[in-house]
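Here's the structure, in structure tokens; my notes come after.
Residue numbering restarts at 1 for every chain, and letters A, B, ... go by the order of the sequence lines.
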4 protein chains.
Amino acid sequence: MEIKGRKLKEKQERYNAILEASEKIMQADGLYGLNMDLVAKETQLAKGTLYLYFKNKEEILAALSLKSRNLLFEAFAKSIKKSKTPIEQLKAIILANYQFFKKYPLYFELVSLYEINNKLTETEELQQSSYKISQMVVEIAQKAKDNKTLNPNIDPVNFSICLWGMTVGMIQLIKVRGAIIKQYQGISEKEILSSFVAIVENGIRD
Amino acid sequence: MEIKGRKLKEKQERYNAILEASEKIMQADGLYGLNMDLVAKETQLAKGTLYLYFKNKEEILAALSLKSRNLLFEAFAKSIKKSKTPIEQLKAIILANYQFFKKYPLYFELVSLYEINNKLTETEELQQSSYKISQMVVEIAQKAKDNKTLNPNIDPVNFSICLWGMTVGMIQLIKVRGAIIKQYQGISEKEILSSFVAIVENGIRD
Amino acid sequence: MEIKGRKLKEKQERYNAILEASEKIMQADGLYGLNMDLVAKETQLAKGTLYLYFKNKEEILAALSLKSRNLLFEAFAKSIKKSKTPIEQLKAIILANYQFFKKYPLYFELVSLYEINNKLTETEELQQSSYKISQMVVEIAQKAKDNKTLNPNIDPVNFSICLWGMTVGMIQLIKVRGAIIKQYQGISEKEILSSFVAIVENGIRD
Amino acid sequence: MEIKGRKLKEKQERYNAILEASEKIMQADGLYGLNMDLVAKETQLAKGTLYLYFKNKEEILAALSLKSRNLLFEAFAKSIKKSKTPIEQLKAIILANYQFFKKYPLYFELVSLYEINNKLTETEELQQSSYKISQMVVEIAQKAKDNKTLNPNIDPVNFSICLWGMTVGMIQLIKVRGAIIKQYQGISEKEILSSFVAIVENGIRD
DNA sequence: AATGAATGAGCATTCATTCAT
DNA sequence: TATGAATGAATGCTCATTCAT
């Protein structure tokens, strides 16, 4: 038992070490800068060993994507605590998403990795993590509905899906075009975000 | 004159042949499945010949992206003709965007290629094509404002930016998650889209 | 006759234009930066046309090498006029060679192109141009011998060969290592050259 | 320990095999005939494997250049043992250099690879190997000076530089023009070399 | 003579994955 | 379990030369 436990712990540590190394590499070299040679070097493990912990490179990405989604979930959960009304909470979630992107650009990329890359397919676990986030929004929307602050024509589940799509789209746009919009049209990221939030708020309030 | 014309035409044909072959390949193997060997094989041209028509692989992508944006612009232009009021036109544009994606999934990907891939930089021409689309939306929003049908707090330019971000985000979501949402939550793509349109409409109407 | 003459002149002009363009390119991009595409562009001629004037790329190089050798010959001829005694003339030739290298580094490279690259074989004409230079040195050495200023054990022809080998070797060394020698050993190009000249002078004086 | 040792030995053997194959190829196809495909074929290794042993093609060249310089150093060291006086030693070095060229033409080319090709930059190690050779000559020249057999005006360091430049230049000349000189002027390589040695000897003796 | 489009072998380098030890 | 050496297909791009018009 003793030994088994230690072994298990060591294994867990290795697993985490690989993920941390991968993160570090991606932070430095970007999402596509990750390669197994670098991971091996960074972890001080043999390349073959990596494959004992992860079936392939994609699985590392999946694990990090999962981690990112969980972090995002936490960020959302935290953000809604400060707000009183459900509508304020929904707005808080948008802001939290944006701040998450600013603070952890890599994690944001990882969260939406599967939204961008066709080739990859989400695992059950990843789908679950998405569902959890979605469900949080659904519940708040439901409260807003009970509250009569949400437009009664809006279905909470539908809305939750839309909020995710719109917000990710907006952040991606800011990421890629933010600078150029600022330069040519003089509109700051914050302003864009505010406009977006305003549209959504107007769009859903009763 | 005769000969020169024929030559020119042949050259134009080759150019188009390369683009068409590239499209075909991407349709089969995805955006990142494109490679110069395949293009050569598909066009029956020598690899070197490709480089007489396009400086590098990226230029092929840029040409196709430009083509896609122009097609999208046309689709938008066409879509607004059928609608009477500016607000209806804005809604029509969202729908046109969705239909464009359904009809030409590859083109849709190409339109936002530069929105997704950090490494690529848009040429002047590509920026122009984006600007043209954006400007169309700005003008309609302005009419809606003049019209008193647009919420006076909304700035047409800001709105145009947001509309693009939100819509692309929504379509991407539908692309990647549409099937799974249908399966697990029983909500169809159309319903999601309708919800999105409704939110936007509510969000911007006076 | 008239027409024939004009044609001939035009042909000669084209020929020269190709050489000048090649020089310009090599000045900018180095000896190995020369390629037929660039020459075509620079001369405004079709690539195929180049091959009407030069059998292949190598022939362009050969022509330029010949030109360089002729220039060097002129430089030598000029340099010896200022000196009175044969020994002084020989020294002047070494200096002229060095100055030629400093003034026209490309020409210097071209002169010794065939001394460096195994694959190339000199044409009859190129050999002649070398012979001419060599002969000039032989004659001066002979004068020095008649003069009793040259060590009687030295054969003028042998010496001429050696002078060329030694001098080119020294200049090449200066070219490649000059900077590093200056940096680490504090010896300037001029000093190296002076030492070399001194050794040769001592080595051949009676 | 046993296994580790064997592994290490095998690795060393592969490393050497790659170098030997590269040598063989260069012997056949010249310095610039080396390419990674041929090396892979010759060694029966996969192309990727080569890159486990050498970071890139240049590193193979550097390793061979280093090897060549070390061999040359040995040849010099050996050559001076047979001579009594410093001046004789200096002459022996010239001869050793020539014999080295005759025996290992490829190695001779590799020694001066970096003297010819501008694009390449010497590693620290390569510079060291050059310095070692140079230093040997400096020391002998110093002895000759102490000895009063060297012209007091000659600085040992300067001389060492010159000796290298002159000798390499002479050997290159012999390499490229030796045959033609023999044919047209009836002077043998040995005679040229003797003349050169004589000039140097006269040039430096007190 | 002049054109210039077409050729295609050539090349250095990368990297996810495997497998014998 | 762990290793790490080996694999080899994949890829973007170049350029001297040819040849039909």
### Summary
Sorted by chain and number, sequence neighbours left out, salt bridge (charged side-chain N to carboxylate O under 4.0 Å, His left out) with A:K67 holds for A:E23
### Query
Stem ranges for DNA chain F, with three or more consecutive Watson-Crick or G-U pairs under 3.5 Å?
E:2-21 with F:2-21
### Query
Got a sec, which residues hit side chain to side chain contact (heavy atoms under 4.5 Å, CB included) with A:L52, two or more places apart in sequence or on another chain?
A:T49
### Query
Which ones in residues 51-63 of chain B lie close to DNA chain E, meaning a heavy atom under 4.0 Å from one of its atoms?
B:L52, B:Y53
### Task
Considering just the side-chain nitrogens and oxygens of D:K11, establish if one lies under 4.0 Å of OP1 or OP2 belonging to F:dG4.
no
### Task
Sort and list the pairs that fulfil ring-ring contact (aromatic ring centres under 6.0 Å, His included) and have at least one residue in residues 5-44 of chain C, not counting sequence neighbours.
C:Y15-C:F54
### Query
Which residue lies toward the 5' end of DNA chain F, C:Y32 or D:L50, if each is placed at its nearest nucleotide?
D:L50
### Query
Which pairs, with at least one residue in residues 47-63 of chain B and sequence neighbours excluded, count as a salt bridge (Lys or Arg N to Asp or Glu O under 4.0 Å)?
B:D37-B:K47
### Message
Just the rounded figure in Å: distance from P of F:dT1 to CD1 of A:I18.
### Response
13 Å
### Task
Return the residues of residues 35-47 of chain B meeting this criterion: a heavy atom under 4.0 Å from some atom of DNA chain F. Order them by number, or give none.
B:N35, B:M36, B:K47
## Note on the structure
Of D:R14 and A:E10, the one whose nearest nucleotide on DNA chain F sits closer to the 5' end is A:E10
### Summary
Contacts of D:K24 meeting salt bridge (charged side-chain N to carboxylate O under 4.0 Å, His left out) (sequence neighbours excluded), chain-then-number -> D:E42
### Summary
note: B:Y15, atom OH; E:dA6, atom P; distance rounded to Å ~ 15 Å
### Task
Mind listing the closest non-hydrogen atom pair of C:L110 and C:S68 along with its distance?
CB-OG, 3.4 Å
### Task
List for me each residue that meets side chain to side chain contact (heavy atoms under 4.5 Å, CB included) alongside B:L38, sequence neighbours excluded, and say none if there are none.
B:I25, B:D29, B:N35
### Summary
Of all heavy-atom pairs linking A:V39 and A:S22, the shortest is CG2-OG, 3.8 Å
### Rounded distance in Å - CG (D:L8) to C1' (E:dT21)
16 Å
### Query
What residues, two or more places apart in sequence or in another chain, satisfy salt bridge (charged side-chain N to carboxylate O under 4.0 Å, His left out) together with B:K11?
none
### Message
Restricting to side chain to side chain contact (heavy atoms under 4.5 Å, CB included), what partner residues turn up for A:E122, sequence neighbours left out?
### Response
A:R69, A:Y114, A:L126, A:Q127, A:S130, B:R177
### Task
Apply ring-ring contact (aromatic ring centres under 6.0 Å, His included) to B:Y53 and list each qualifying residue two or more places apart in sequence or on a separate chain.
none
### Task
Please check the phosphate of E:dT3 (OP1 and OP2 only) for any side-chain N or O of C:T49 closer than 4.0 Å.
yes
### Message
Taking any heavy-atom pair under 4.0 Å as a contact, classify A:L34: base, sugar-phosphate, or nothing.
### Response
sugar-phosphate
